[in-house]
Amino acid sequence: MIDEIHVRDIALIREAALAPSPRLTVLTGETGAGKTALVSACKLIMGARADSSVVREGAAAAEVAGRLFSDADPEGDIVVSRKVSVDGRSRATLNGSMASISELARTVGPLIELVGQHEYQALLKAAEHGRILDGWDDATAAAAADYRAAFEAVADAQAALNEVQARAQASSAQLDEARFALQQIETANPRPGEYDEVRDWLSRAEHAEVLARNSHGAAEALSGDSGALDALNAAIALIDEAARADEGLAPYAQSLRETCFVVEDIARDMAGYCDDIDFDSASLAQAQERLGTLTSLMRSFGPTMDEVFARWNEASHLVSAVDDADERLAAATAALEAAEAALAEAARAYDDRRAAAAPAFSQAVGEVLAQLEMGGAELICTVEPLPRERWGRGGSADVSFAFKPGKAMQPRPLARIASGGEISRVMLAIKVVLGAKDGTETLIFDEVDAGVGGSTANALAAVLARLSESHQVIVITHLAQVAVMADTHYVVSKTTGDAPETTLTPVAGDARVAEIARILSGSATAASLAHAREMLEAHA
């Protein structure tokens, strides 16, 4: 919902702040005062295209800023601003960060709906009619979810079949290359980590003489006659003898004993290492040949063994796909046929549910139209199944709304309704019927009261008040019957002079009484003031 909107230098509005937090807000004013500038401002923050024509003459730029929130997440405020410069360039921000116009359309657009002769009328888009019907009936919405799941399953099965067919149709050159790679790698049959193992073993084998000589020499130097251990033990004996006279020397003897343990372990390991060195010429030749084989694989399919294994896997899949093409193709085809059968069943259930909901929806809308005293007008909702090739995520049937102005008249597509007030009242009736199920929380009505007067005006006001129980409703109106129902009332006025300015002023008390009186009679006479007070008191 809109929490507040600030406008500056857009068209005729110099500065204005609108904070219609209450559910029903009305804007009134004399003809030409600039009431519809609010609609222009909302379009900008909703991501509409804009050019320099929206900028007030003599100003550098037009600016609109708004704060919105959703009933579903009252804490998640959206702060949006849009600035259009005199050269036509546009700049927008969302919650303080730069944003594209498409981001505004995705984020703010779904929160506000403009109802009137405007491009934001979802009612005039045939593709939206099915969504509206689905949203009204819970059972239809559930059938729609089942249908979409089945539709996605068919898409996945078709993609899998396409992949099998593409692999089966691999070119002769690709297949020959894959078979060659597979034969070369499988003949060598490398193991993960084998290359590093063979390389390290060869490094030791090729330096066996040095390794044996040095490990044996190290063992002798540590534990042989006159070696390190003998020197350490002699030092320990001397320190022990001295410690009898000075106990402070005892820890040094203990440290040397611990060092002896380490030296003994190293000497033993070096001796064992020397004894284990036994690289015969046959093993050496075999390892060298194996290393050569693995290196050749890396030159052909590498340059690393990881890439060799990847190529092995890829070639294996390609050859297998071709060799097992008939079996794989049959399985993928069967899976697609099963998915298609499930989709057909889901589509039948979906179409049946829509067909059952359509007359009930039309009747519910017709009842509201009757309340609006629209002379027997009807909304006709039809559901026509589509051929399979025209099914999409939106459904397997064409849902369309047609408007019948009177019982003796022919239904016409909504897009061909000439009257802006008529289409606005049809939208009003649909929104009332949808109630809280409608995803749009803020509705702005312009021209909804066009050509309305008398008892119809009272009916229109009552329906708008009913709608405000489930939506935030902002109405640009010239009807006193609508104005007195509002929680908040703004008067739009324009100054005189060479550079007129439009302002929005909240009115209450006597000022509101005077404005209602002006709407009733054109001026604040004693009679119109009394009538205005009576109307306001009746709805207080």
Side-chain angles (χ1 to χ4, degrees), residues 23-24 26 113 115-117 121-124 128-138 140 354-383 399-438 440 443-471 473-486 535 538-539:
R23 284 291 183 176
L24 179 58
V26 298
E113 187 154 2
V115 185
Q117 295 290 70
Q121 290 177 317
L123 191 56
L124 297 184
E128 292 294 307
H129 296 174
R131 184 190 63 80
I132 292 172
L133 179 62
D134 294 349
W136 176 71
D137 181 66
D138 291 341
T140 306
R354 277 178 157 180
F361 177 75
S362 296
Q363 181 180 352
V365 174
E367 291 172 357
V368 180
L369 292 177
Q371 294 175 26
L372 293 171
E373 300 184 3
M374 291 187 67
E378 295 180 64
L379 181 76
I380 310 298
C381 178
T382 59
V383 180
V399 178
S400 61
F401 295 161
F403 181 67
K404 189 176 180 180
K407 293 189 178 299
M409 302 181 71
Q410 291 296 317
R412 295 176 296 166
L414 282 172
R416 294 173 57 189
I417 296 176
S419 166
E422 218 167 31
I423 189 66
S424 297
R425 288 191 286 279
V426 171
M427 174 65 95
L428 171 60
I430 289 176
K431 292 297 183 181
V432 169
V433 168
L434 288 175
K437 295 179 180 178
D438 180 37
T440 306
L443 302 173
I444 301 177
F445 286 92
D446 185 16
E447 299 183 344
V448 69
D449 55 9
V452 172
S455 61
T456 304
N458 290 324
L460 175 63
V463 171
L464 285 168
R466 176 181 167 188
L467 182 60
S468 70
E469 295 174 2
S470 57
H471 295 73
V473 179
I474 302 173
V475 185
I476 299 170
T477 185
H478 67 275
L479 292 178
Q481 292 93 329
V482 174
V484 297
M485 302 291 286
M535 292 178 69
H539 295 289

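The model shown is predicted, which means the values in this text are computed figures rather than measured ones.
Residues Asp137 and Phe361 have side chains not in contact (no heavy-atom distance under 4.5 Å, counting atoms from C-beta outward). Residues Leu460 and Leu428 are in side-chain contact: their nearest non-hydrogen atoms beyond the backbone lie under 4.5 Å apart. Counting only heavy atoms from C-beta outward, the side chains of Arg354 and Leu133 approach each other to under 4.5 Å. Here the side chains of Arg23 and Val473 are not in contact, with every heavy-atom distance at 4.5 Å or above. Contact annotation: the side chain of Thr477 never approaches that of Val448 to less than 4.5 Å [non-hydrogen atoms, C-beta and beyond].
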Without placing hydrogens or testing angles, list every side-chain donor-acceptor pair under 3.5 Å for residues 363-373, not counting sequence neighbours.
unit_1: Glu373; atom_1: OE1; unit_2: Ser455; atom_2: OG; d: 2.6
unit_1: Glu373; atom_1: OE1; unit_2: Thr456; atom_2: N; d: 3.3
unit_1: Glu373; atom_1: OE1; unit_2: Thr456; atom_2: OG1; d: 3.0
unit_1: Glu373; atom_1: OE2; unit_2: Ser455; atom_2: OG; d: 3.3

Counting only pairs under 3.5 Å, give me each side-chain donor-acceptor contact of residues 400-410, with atom names and distances, residues two or more places apart or in other chains.
unit_1: Ser400; atom_1: OG; unit_2: Thr382; atom_2: OG1; d: 2.8
unit_1: Lys404; atom_1: NZ; unit_2: Lys407; atom_2: O; d: 3.4

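No donor-acceptor pair under 3.5 Å is formed between the side chain of Lys437 and the backbone N or O of Gly135. Side chain of Ser362 to main chain of Ile380: no donor-acceptor pair is present (N/O by atom type, distance under 3.5 Å, no hydrogens or angles).
In this structure, CD1 in Ile430 is found 5.0 Å from CG in Leu379, a value given to the nearest 0.5 Å. The CD1 atom of Ile474 lies 11.0 Å from the CZ atom of Phe445; values are rounded to the nearest 0.5 Å.
Pairs passing the side-chain hydrogen bond (donor to acceptor under 3.5 Å, both in side chains) check and including a residue from residues 426-435, sequence neighbours excluded, read Glu113-Lys431, Lys431-Asp438.
For the residue pair Gly435 and His471, the shortest heavy atom distance occurs at O-CE1, 3.1 Å. The minimum heavy-atom distance linking Glu128 with Arg131 is given by the pair OE1-NE, 2.5 Å. Across all their heavy atoms, Val399 and Cys381 have their closest contact at CG1-SG, 4.0 Å.
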>> For Leu464 and Met485: C-alpha separation, side-chain torsions, deciding distance, then whether side-chain contact (heavy atoms from CB on, under 4.5 Å) applies.
In response: CA-CA 9 Å; Leu464 285 168; Met485 302 291 286; over 6 Å; no

